[in-house]
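Here the structure comes first, spelled out in structure tokens, and everything after it is commentary.
All chains are named by letter (A, B, ...) in the order of the sequence lines, taking the proteins before the strands, and each is independently numbered beginning at 1.
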Amino acid sequence: MGDIKFMKGNEALAEAAIRAGMQGYFGYPITPQSEVVEYLALQEPKHDFVLVQAESEVASINMVYGAAGAGARTMTTTSSPGFSLMQEGMSYIACAELPCVVVNVVRGGPGLGTIQPGQGDYFQAVKGGGHGDYRLIVLAPNSVQEMADHTMLAFDLADQYRNPVLILSDGAIGQIMEKVELPDPVTTKIEKPWASTGKTPDRPRNVITSLYIKPEDMEQKNIELQAKYRKIEASEVRFEEYLLDDAEVVIMAYGVTSRICKKVVDLGREKGVKMGLLRPITLWPFPVERVAQLAAQERVRMFVTAEMNAGQMVEDVRLAANGRKPVYSTGRMGGILPTPEEILDFSLQHMK
Amino acid sequence: MKTGYEKIYERPDTLLSTRMHYCPGCMHAIVHKLIAELIDEMKLQEKTVGVCPVGCSVFAYDYIDIDWQEAAHGRAAALATAIKRMLPDRLVFSYQGDGDLAAIGTAETIHACNRGEQFTFIFINNAIYGMTGGQMAPTTLEGMKTTTSPYGRLAKTAGMPLKMCELVSQFDGVAFAQRVSCNNPANVRRTKKAIQRAFEIQQQGLGTTFVEVVSNCPSNWKCTPEVSLQKVKEEMLPYFPLGVYKEPRS
Ligand SMILES: Cc1ncc(C[n+]2csc(CCOP(=O)(O)OP(=O)(O)O)c2C)c(N)n1
Ligand code: SF4
Ligand SMILES: [Mg+2]
């Protein structure tokens, strides 16, 4: 049984990272995620991890590269503009197959935007914001509890697949305070014989690189990466369902909006409309098969996606539904939380 | 068997026999050899992690038989920072060109120096972007012709060449900074000594160590290796004076 605490989402994430055995944290302040680095700075003397406040997000993501390449469990956290600065590094890390955890506590954009919660970075997170063909495993927590749980999971998935894992949170989940049961600290250490730690006589030198100058080698690297991504798609899809068994209207939302949509489902059912919620927990890999199954069921009339952006995840839902059922998109932009009534009204209008 | 010859030098064990891609006369190759000799002599192979840049020396990991990490262009100092923080008992060095260290990576360089990160910079200043075909670098001399300064570098618009040794020696975090060259045998020996001192000071944990090698690029300077050495002496060294710029406080 772990400790039970009342914490902010960002603090729960930071505490969980310590418990996951994080050895190196590198970050640059930005609202609404600064509590992570502030919390870690307070805890640092009591624990055995290294904290560096980097000179920029460009530096922090490259410090994460270096620490991961040296075999350490490592993490950086940021918010939207900072995540944009990290994209070159994300691409290098993905190609060099370095395990690490990156957190984007999303705010409203584009540009400098607003410090209010947003979901406008979905495309950047799941389609790859950097150059080249690569994928991040993307987790989307919707509670303070999940900020902690997903952090533990993220470190494990990163090591298991030697792949960067992104926690795509938002300013609301990062800032709210809730009860959280903190996970027990991890005690086992994972062997990383590939890490660059000093060449010993028993092995050839280890080189962490994303450089494959011959096109044949670069293609082979891509083939290997894609094979890994197919494996992740087959094994790591995670989602939560709420009242989907008899649902005629399937609402889809993640992060803070999924909490609002639970209320939409309840309100809809009070009005006699059979609604249900499908909440992707992994945004990549996306629950494609579950959406396809639902789209194939006769009783399902339509999908409604609710996002705090102009409609981004809706494209993945449409791809998965493959034209079998209509998929409508609603939500608010610019850092405004949609109300349950707005989403319900939108859904009811489209039922006519 | 008596051959009449006495062996006075052989390839350092740590220098692999892979054929180098460097152009004839390029000092990158000499500096690689010196690093390999030092790693052998100081018995550092098991303890060393190098960081490669993006630049002509991007393939340094094919030539020196140690563990490496290959950085994005300009980010070697960020990697080296984290590697040394994670593995404090290892010897860590970054090997970077002028475009890498003093243009795209200036912020990482300066902040690593200012924090006093305990690794060694080996900075190859050839006043040009070698790898990409001879464009103007932050260290290109005034009036020097490159593909992006075809009429010669104009101080009015491009500023004067950056003097990195002078710059980094201002930071309290930097324990040792020396500018050397490999333009003659005596200077090659001095370069080796400077790198050795940097490694020793790193092992003593005294702060950041920085060795700038005033280098050449015969291919993009469009001259023979011999003429390139003359240019190092007559054009580079007057602007980039050799010497120790920072010593650890005793
Ligand atoms: C982000 C990014 N921008 C530009 C480049 C292209 N590029 C590769 S090497 C280089 C400059 C290399 O010059 P220098 O660092 O002086 O090394 P040298 O080749 O002279 O040893 C440039 C601009 C790149 N690889 N990445
Ligand atoms: S291009 Fe210049 S720096 Fe690069 S290997 Fe050739 S001579 Fe050396
Ligand atoms: Mg250069």
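A/Ala59 and B/Ala78 get closest at one heavy-atom pair: O-CB, 3.8 Å. Annotation for B/Leu79 and A/Asn62: closest pair CD1-O, 3.2 Å, computed over non-hydrogen atoms.
Proximity of a side-chain donor or acceptor of A/Arg205 to a complementary backbone N or O of B/Tyr61 within less than 3.5 Å is detected. In this structure a side-chain-to-backbone donor-acceptor pair under 3.5 Å is present from B/Arg90 to A/Thr197. Between the side chain of B/Gln69 and the main chain of A/Gly66, a donor-acceptor pair closer than 3.5 Å is present. Not a single donor-acceptor pair under 3.5 Å links the side chain of A/Thr209 to the backbone N or O of B/Glu70.
Options A/Ala72, A/Ser56, A/Gly69 differ in how many heavy-atom pairs under 4.5 Å they form with chain B, and the most are formed by A/Gly69. Taking A/Ser196, A/Ala195, A/Ala70 one by one and counting their heavy-atom pairs under 4.5 Å with chain B, the maximum is reached by A/Ser196. Top candidate by heavy-atom pairs under 4.5 Å with chain A, chosen from B/Arg85, B/His111, B/Lys84, B/Glu46, is B/Glu46. Counting heavy-atom pairs under 4.5 Å between each of B/Val51, B/Leu16, B/Leu44 and chain A puts B/Leu16 at the top.
Within 6.0 Å of atom CD in B/Glu41, more than 12 heavy atoms from other residues, nucleotides or ligands are found, so the atom counts as buried in its surroundings. Residue A/Tyr28 places its OH atom among 12 or fewer non-hydrogen atoms of other residues, nucleotides or ligands, all under 6.0 Å distant. Within a 6.0 Å radius of CZ in B/Arg19, no more than 12 heavy atoms belonging to other residues, nucleotides or ligands are found. No more than 12 heavy atoms of other residues, nucleotides or ligands shown are found within 6.0 angstrom of NZ on A/Lys231. The environment of A/Leu51 atom CG is dense: over 12 non-hydrogen atoms of other residues, nucleotides or ligands sit within 6.0 angstrom. More than 12 heavy atoms of other shown residues, nucleotides or ligands fall within 6.0 angstrom of atom CG in B/Asp89.
When heavy atoms are compared at a cutoff of 4.5 Å, A/Ile213 approaches chain B solely by way of its side chain, counted from C-beta outward. Heavy-atom distances place the backbone of B/Ile64, and not its side chain, under 4.5 Å from chain A. With a 4.5 angstrom heavy-atom cutoff, A/Phe26 touches chain B only via side-chain atoms. Contacts between B/Ile66 and chain A at a heavy-atom distance below 4.5 Å involve the backbone alone (N, CA, C, O). Contacts between B/Asp62 and chain A at a heavy-atom distance below 4.5 Å involve backbone atoms as well as side-chain atoms. Contacts between A/Val52 and chain B at a heavy-atom distance below 4.5 Å involve the side chain alone, from C-beta outward. With a threshold of 4.5 angstrom between heavy atoms, A/Ala96 does not approach chain B through any atom at all. In this structure, no portion of B/Ala76 lies under 4.5 Å from any heavy atom of chain A. Contacts of A/Gln23 with chain B are made by both backbone and side-chain atoms, with heavy-atom separations under 4.5 Å. For chain A, the nearby part of B/Thr81 is the side chain; its heavy atoms alone come within less than 4.5 Å. No part of A/Ile93 comes within reach of chain B, as not one of its non-hydrogen atoms sits under 4.5 angstrom from that chain.
Summarising the geometry, atom CD belonging to A/Glu55 is positioned 9.0 Å from atom OG1 belonging to B/Thr109; distances are rounded to the nearest 0.5 Å. With rounding to the nearest 0.5 Å, the separation of CZ in B/Arg115 from CD in A/Gln53 is 10.0 Å. Considering CD of A/Glu88 and NE2 of B/His73, their distance stands at 9.5 Å, rounded to 0.5 Å.
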**Prompt:** What do the steps show when you test A/Thr74 against B/Met86 for side-chain contact (heavy atoms from CB on, under 4.5 Å), and what is the final call?
**Reply:** CA-CA 10 Å; A/Thr74 179; B/Met86 292 298 112; over 6 Å; no

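For B/Asp67 and A/Lys199, the salt-bridge test fails: no basic side-chain N is under 4.0 Å from an acidic carboxylate O.
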